[in-house]
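In this chain, numbering begins with 1 at the start of the sequence shown. Each ligand, and each atom within it, is numbered from 1 in the order the structure gives.
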Amino acid sequence: MGRSANNMSVALFGGTFNPVHFGHVKIAAELAELLQVQSMRMLPCAFPPHRDQPAVAAKQRLAMLQLAIGEQSALKADDLELHRAAPSYSIDTVQLVRQEIGEQTPLFLCVGMDSLVTLDSWQRWHELLDHCHIVIPSRPGWQAPSQGVLADWIAQHRCDDLAAVKKCSRGHVHFCDLTLLDLSSTNIRDKIKQGESINFMTPDTVVDYIQKHHLYE
Ligand code: ATP
């Protein structure tokens, strides 16, 4: 695993963002600070490989993400996965970003605990650490796997010393304990269907966008 020569590190935070909510923005901002990355790139997936195609188009999910992020300096809404025909595999994304940033720059793929537990079903998942670190903030109600192939793999690559992780460009799995909000996009979609308010679950700019475009009704 390469030793890092600079601190221009990059983090990736993928999701369906259907729609984006305060849980996403808060965790991304906290991760950006913890990892001291130059940019935290938030990538809406165009064609999620592990779930049904969202009814709301990727372009609209990206637009909501841009509204939610606003002027936050380290966070960026990234349309990289919107340019790919199908499906949005993380391994393709980290390979592309790795080519873009060079071999020495630390690259962090941030995945929620709910995503981590399915990691061993992802396309070429064994190759992910050849290109990046994987960083996992915990999520209310979810635990890391304690037995099986994935648990063994995590034990093999886990590093709890963040300073040591940051010195390398790739290769480690790191867990962090951050302040999480018990919010989900499913919850927001359900509330809209039931005609309930979604105020304070996502920024006002996103609430306005959803209402203007009659999304999730
Ligand atoms: P859905 O309810 O449709 O499954 P979601 O709220 O889980 O959506 P996603 O777009 O699927 O949102 O999540 C993208 C990433 O954000 C995932 O890695 C997920 O673990 C993480 N995430 C989602 N909600 C939260 C939250 N409240 N706190 C921390 N991480 C979250």
Parallel, tilted or perpendicular for His133 and His172, by the 30°/60° rule?
-> parallel
Do the side chains of Ile101 and Leu128 join up, straight or via other hydrophobic residues, at under 4.5 Å, putting them in one cluster?
-> yes
Would you mind running through ligand 1 and noting each atom that sits below 4.0 Å from a heavy atom of Asp114?
-> 19 (C), 20 (O)
Report the distance from atom CG of Leu150 to atom CG of Leu116, rounding to the nearest 0.5 Å.
-> 5.5 Å
Per-atom filter on ligand 1: closer than 4.0 angstrom to a heavy atom of Gly15 are 10 (O), 14 (C)
Atoms in ligand 1 with a heavy atom of Gly23 nearer than 4.0 Å = 27 (N)
Those atoms of ligand 1 less than 4.0 Å from some heavy atom in Ser185 | 1 (P), 2 (O), 3 (O), 5 (P), 6 (O), 8 (O), 12 (O)
Which atoms of ligand 1 sit under 4.0 Å from any heavy atom of Ser115?
-> 17 (C), 18 (O)
At a 4.0 Å threshold, what atoms of ligand 1 neighbour a non-hydrogen atom of Gly112?
-> 18 (O), 20 (O)
Going by atom types alone, do Tyr216 and Asn18 pair a side-chain donor with an acceptor below 3.5 Å?
-> yes
Does a side-chain heavy-atom distance below 4.5 Å link Phe22 with Met201?
-> no
Under 3.5 Å, N or O to N or O, is Met113 touching ligand 1 that way?
-> no
Asp182 N/O under 3.5 Å from ligand 1 N/O | no
For ligand 1, is Cys110 a contact, meaning one of its heavy atoms is under 4.0 Å away?
-> no
Assess the side chains of Gln36 and Ser9: does a donor N or O sit below 3.5 Å from an acceptor N or O?
-> no
Are more than 12 heavy atoms from other residues, nucleotides or ligands located less than 6.0 Å from atom CD of Gln194?
-> yes
Can an N or O of Asn18 be found at a distance shorter than 3.5 Å from an N or O of ligand 1?
-> no
Which one of Thr16, Leu181, Asp190 has a non-hydrogen atom at the shortest distance from atom 28 (N) of ligand 1?
-> Leu181
Any nitrogen or oxygen of Phe17, main chain or side chain, under 3.5 Å from a nitrogen or oxygen of ligand 1?
-> yes
Is the shortest N/O to N/O distance between Arg189 and ligand 1 below 3.5 Å?
-> yes
Would you say the side-chain atoms of Arg84 and Thr93 include a donor-acceptor pair closer than 3.5 Å?
-> yes
Check ligand 1 against Ser184 and write out every atom of the ligand that is under 4.0 Å from a heavy-atom position of the residue.
-> 2 (O), 6 (O)
Hey, is ligand 1 close enough to Gly14 that some N/O pair sits below 3.5 Å?
-> no
Contact check, Phe22 vs ligand 1, heavy-atom distance below 4.0 Å = no
Indicate yes or no: does Lys59 engage Asp79 in a salt bridge with an N to O separation below 4.0 Å.
-> no
Flag yes if Leu43 and Leu82 sit in one hydrophobic cluster, no otherwise; membership is Ile, Leu, Val, Met, Phe, Trp, Tyr, and two members link when side-chain heavy atoms are under 4.5 Å apart.
-> no
Quick one: CG on Leu109 to CZ on Arg41, what's the gap to the nearest 0.5 Å?
-> 12.0 Å
For ligand 1, does Lys26 get within less than 4.0 Å through its side chain, its backbone, both, or neither, judged by non-hydrogen atoms?
-> neither
Examine the proximity of ligand 1 to Thr186 and report which part, side chain or backbone, both or neither, has a heavy atom under 4.0 Å away.
-> both
